[in-house]
Amino acid sequence: MYNKLQYISQGESVEEQLYNIHQALDNGCDWIQMRFKYQKPKKTFALAEAVKFLCEEYLANFIINDDVDLAKQFAADGVHLGLSDMGVADARTILGKTKIIGATANTFEDIIRQVNNGCDYIGLGPFQHTKTKNNLSPILGLEGYQSIITKLNDQQVEIPIYAIGGITLENVDDLMATGIHGIAVSGIITKSDQKNKLITELNEKLYVTI
Ligand SMILES: Cc1ncc(COP(=O)(O)OP(=O)(O)O)c(N)n1
Ligand SMILES: Cc1nc(C(=O)O)sc1CCOP(=O)(O)O
Ligand SMILES: [Mg+2]
């Protein structure tokens, strides 16, 4: 089963990205999504090469945001694709059966479409407003997750759902109570000056068995 905590990388430069990813790994994250948007290919390539190496060293999952060809080139563990990225079925043809393909959803209908196209997990969001991403889909709030998860359960759709968007430590218990599998976070980990404590507390909440 997939880890319940994904760290989505941040940073304006290759160096800043690498520093943030290294810090996340050092402090207990074992799922990294490299998200380095609108960059020159040379920089993205250099970052991917370094992150691949780091994730191997830390035995962490290495997922690349948006770029299926880059994921193929570096034999990453998988890719995350949004509603306006390459389709999941095309990505599956390129990457093959064993790679992880995550897909974004904002509605129940999005989830069904992405699942039918063969994704392995869903990033469902945004939970609330965040400065990390522009052009957000409509905010779901706790009620949005509750209603979507209820529909999924009613229709016996089984897929790991990760909540995403503006999530803080204080939100985790309520989000997990909706029945999601885990969370994908960026800002709280990147900005924390007590990363070990934060990641430990996040994991304690995520892996608690009630
Ligand atoms: C786990 C997870 N969920 C959702 C997203 C958002 O993907 P997308 O909609 O393609 O937006 P960008 O991240 O590409 O700006 C994600 N990256 N990860
Ligand atoms: C990358 C991303 N996708 C989102 C979506 O709703 O699809 S929200 C988001 C940003 C996640 O970062 P933070 O934890 O800092 O809010
Ligand atoms: Mg995308």
Side-chain angles (χ1 to χ4, degrees), residues 2-12 16-17 20-21 23-24 29-39 44 47-48 51 60-71 76-88 90-91 95 99-111 113-115 117 119-142 144-145 148 159-172 175 178 180-192 195 198-199 201-202 205-206:
Y2 295 145
N3 308 347
K4 291 177 181 286
L5 178 63
Q6 300 189 16
Y7 171 65
I8 299 186
S9 71
Q10 272 187 34
E12 299 300 315
E16 206 183 319
Q17 282 267 339
N20 288 335
I21 290 168
Q23 285 281 304
C29 277
D30 43 20
W31 182 302
I32 303 293
Q33 181 188 136
M34 181 190 122
R35 182 172 183 270
F36 193 39
K37 295 181 81 78
Y38 317 120
Q39 301 292 328
T44 318
L47 180 62
V51 178
N61 266 337
F62 173 34
I63 303 295
I64 293 183
N65 177 258
D66 292 346
D67 195 334
V68 176
D69 292 332
L70 194 70
D77 295 303
V79 72
H80 186 93
L81 300 171
L83 294 164
S84 31
D85 297 321
M86 180 189 283
V88 169
D90 288 342
L95 294 176
K99 296 296 179 182
I100 301 168
I101 302 183
T104 303
N106 178 248
T107 63
F108 172 76
E109 290 73 19
D110 291 339
I111 298 178
R113 200 172 51 250
Q114 302 279 37
V115 168
N117 285 331
C119 74
D120 297 299
Y121 74 85
I122 293 286
L124 179 63
F127 168 60
Q128 54 193 9
H129 179 75
T130 174
K131 289 183 183 160
T132 306
K133 181 178 168 182
N134 298 323
N135 303 319
L136 289 171
S137 294
I139 305 276
L140 292 170
L142 214 47
Y145 286 88
I148 291 171
I159 184 92
I161 304 277
Y162 289 83
I164 184 166
I167 297 171
T168 66
L169 182 66
E170 291 67 36
N171 304 133
V172 178
L175 278 168
T178 67
I180 58 164
H181 174 72
I183 58 170
V185 297
S186 185
I188 50 164
I189 290 180
T190 309
K191 294 190 187 100
S192 170
K195 289 188 177 41
L198 173 65
I199 292 165
E201 287 174 357
L202 285 169
K205 286 180 181 292
L206 290 166

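In listed order, ligands and their atoms are each counted from 1.
In terms of protein heavy-atom proximity, atom 4 (C) of ligand 2 is nearest to Lys133 CD, 3.6 Å. What sits closest to atom 11 (C) of ligand 2 on the protein, heavy atoms only, is Ile164 CG1, 3.8 Å. Atom 2 (C) of ligand 1 has its closest protein heavy atom at His80 CE1, 3.2 Å. The shortest contact between atom 14 (O) of ligand 2 and any protein heavy atom is with Ser186 N, 3.0 Å. The nearest protein atom to atom 16 (O) of ligand 2, hydrogens excluded, is given as Thr130 OG1, 2.5 Å; this is a heavy-atom distance. Counting only heavy atoms of the protein, atom 1 (C) of ligand 2 lies nearest to Arg35 NE, 3.5 Å. Of the protein's non-hydrogen atoms, Gly165 CA, 3.6 Å is the one closest to atom 8 (S) of ligand 2. Of all protein heavy atoms, the one lying nearest to atom 6 (O) of ligand 2 is Pro126 N, 3.1 Å. The single protein non-hydrogen atom nearest to atom 9 (O) of ligand 1 is Lys133 NZ, 2.9 Å, given as residue, atom name and distance.
The closest heavy-atom contact to atom 7 (O) of ligand 1, among the options Thr104, Asn134, Leu136, Asp67, comes from Thr104. Considering only non-hydrogen atoms, atom 10 (C) of ligand 2 lies nearest to Thr132 out of Thr104, Thr132, Leu140.
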Q.
Run the side-chain contact (heavy atoms from CB on, under 4.5 Å) test on Tyr2 and His181 for me, step by step, so that the C-alpha distance in whole Å, both residues' side-chain angles and the decisive distance to 0.1 Å come before the verdict.
A. CA-CA 9 Å; Tyr2 295 145; His181 174 72; 4.0 Å; yes
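Contacts of Lys205 classified as salt bridge (charged side-chain N to carboxylate O under 4.0 Å, His left out), with partners at least two apart in sequence or in another chain: Asp173.
At under 3.5 Å, a nitrogen or oxygen of Gly166, whether backbone or side chain, sits near a nitrogen or oxygen of ligand 2. Geometrically, ligand 2 and Val185 share no nitrogen or oxygen pair separated by less than 3.5 Å. Considering backbone and side-chain N/O of Tyr162, none are found under 3.5 Å from N/O of ligand 1. Of the polar atoms of Ala184, none of the N or O atoms is found under 3.5 Å from an N or O of ligand 2, judged by distance alone. In terms of N/O distances under 3.5 Å, ligand 1 is not approached by Gln6. Taking distance alone, with nitrogen or oxygen atoms compared against 3.5 Å, Arg35 approaches ligand 1 more closely than that limit.
Taking every heavy atom of both residues into account, Asp110 and Ala105 meet most closely at CB-CB, 3.5 Å. Summarising the geometry of Thr104 relative to Gly82, their closest heavy-atom pair is OG1-CA, 3.4 Å, with the distance given to 0.1 Å. Residues Ala24 and Ile199 approach most closely at O-CD1, 4.0 Å, considering heavy atoms.
Of all atoms in ligand 1, listed by their number and element, those nearer than 4.0 Å to a heavy atom of Gln33 are 1 (C), 2 (C), 16 (C), 17 (N), 18 (N). Close contacts between ligand 1 and Lys37 involve ligand atoms 12 (P), 14 (O), 15 (O) [criterion: under 4.0 Å to a heavy atom]. Counting the atoms of ligand 1 from 1 in the order shown, those under 4.0 Å from a heavy atom of Gly82 are 8 (P), 9 (O), 10 (O). Near Ile8, meaning under 4.0 Å from any of its heavy atoms, are these atoms of ligand 1: 18 (N). Within ligand 2, the atoms closer than 4.0 Å to a non-hydrogen atom of Gly187 are 13 (P), 14 (O), 15 (O), numbered from 1 in the order shown. Close approach of ligand 2 to Gly125 is summarised as follows: ligand atoms under 4.0 Å from at least one heavy atom of the residue are 6 (O). Remark: ligand 1 atoms within the under-4.0 Å shell around heavy atoms of Asp66 are 10 (O), 14 (O). Numbered from 1 in the order shown, with element, the atoms of ligand 1 that lie under 4.0 Å from a heavy atom of Ala184 read 1 (C).
Between Ile164 and Leu124, the closest side-chain pair of non-hydrogen atoms is not below 4.5 Å. For the pair Met34/Leu47, a side-chain contact is recorded, criterion being any heavy-atom separation below 4.5 Å from C-beta on. With a 4.5 Å cut-off on side-chain heavy atoms, Leu140 and Ile148 count as touching.
If you take CD1 on Ile21 and CD1 on Ile189, they are separated by 12.0 Å, rounding to the nearest 0.5 Å. Between atom OH of residue Tyr38 and atom OG1 of residue Thr44 there is a gap of 12.5 Å, rounded to the nearest 0.5 Å. The CG atom of Leu136 sits 11.0 Å away from the CD atom of Gln128 when rounded to the nearest 0.5 Å. The structure places CD1 of Ile122 at 11.5 Å from CG of Asn106, a figure rounded to the nearest 0.5 Å. Interatomic distance, Asn65 CG to Asp85 CG, rounded to the nearest 0.5 Å: 6.5 Å. Atoms OH and CH2, from Tyr121 and Trp31 in turn, are 5.5 Å apart once rounded to the nearest 0.5 Å.
Contact annotation: for Lys131 versus ligand 2, there are no heavy atoms closer than 4.0 Å. Under 4.0 Å from ligand 1, not a single heavy atom of Leu124 appears.
Nearest N/O/S atom of Asp85 with respect to the Mg ion (ligand 3) is recorded as OD2. Residue-level check: among N/O/S atoms of Asp66, OD1 sits closest to the Mg ion (ligand 3).
For the side chain to side chain contact (heavy atoms under 4.5 Å, CB included) criterion with Leu95, the lone passing option out of Asp90, Ile100, Val79 is Val79.
The environment of Lys131 atom NZ is sparse: at most 12 non-hydrogen atoms of other residues, nucleotides or ligands sit within 6.0 angstrom.
Counted by atom type alone, Ser9 and Gln17 present one or more donor-acceptor pairs between their side chains at under 3.5 Å.
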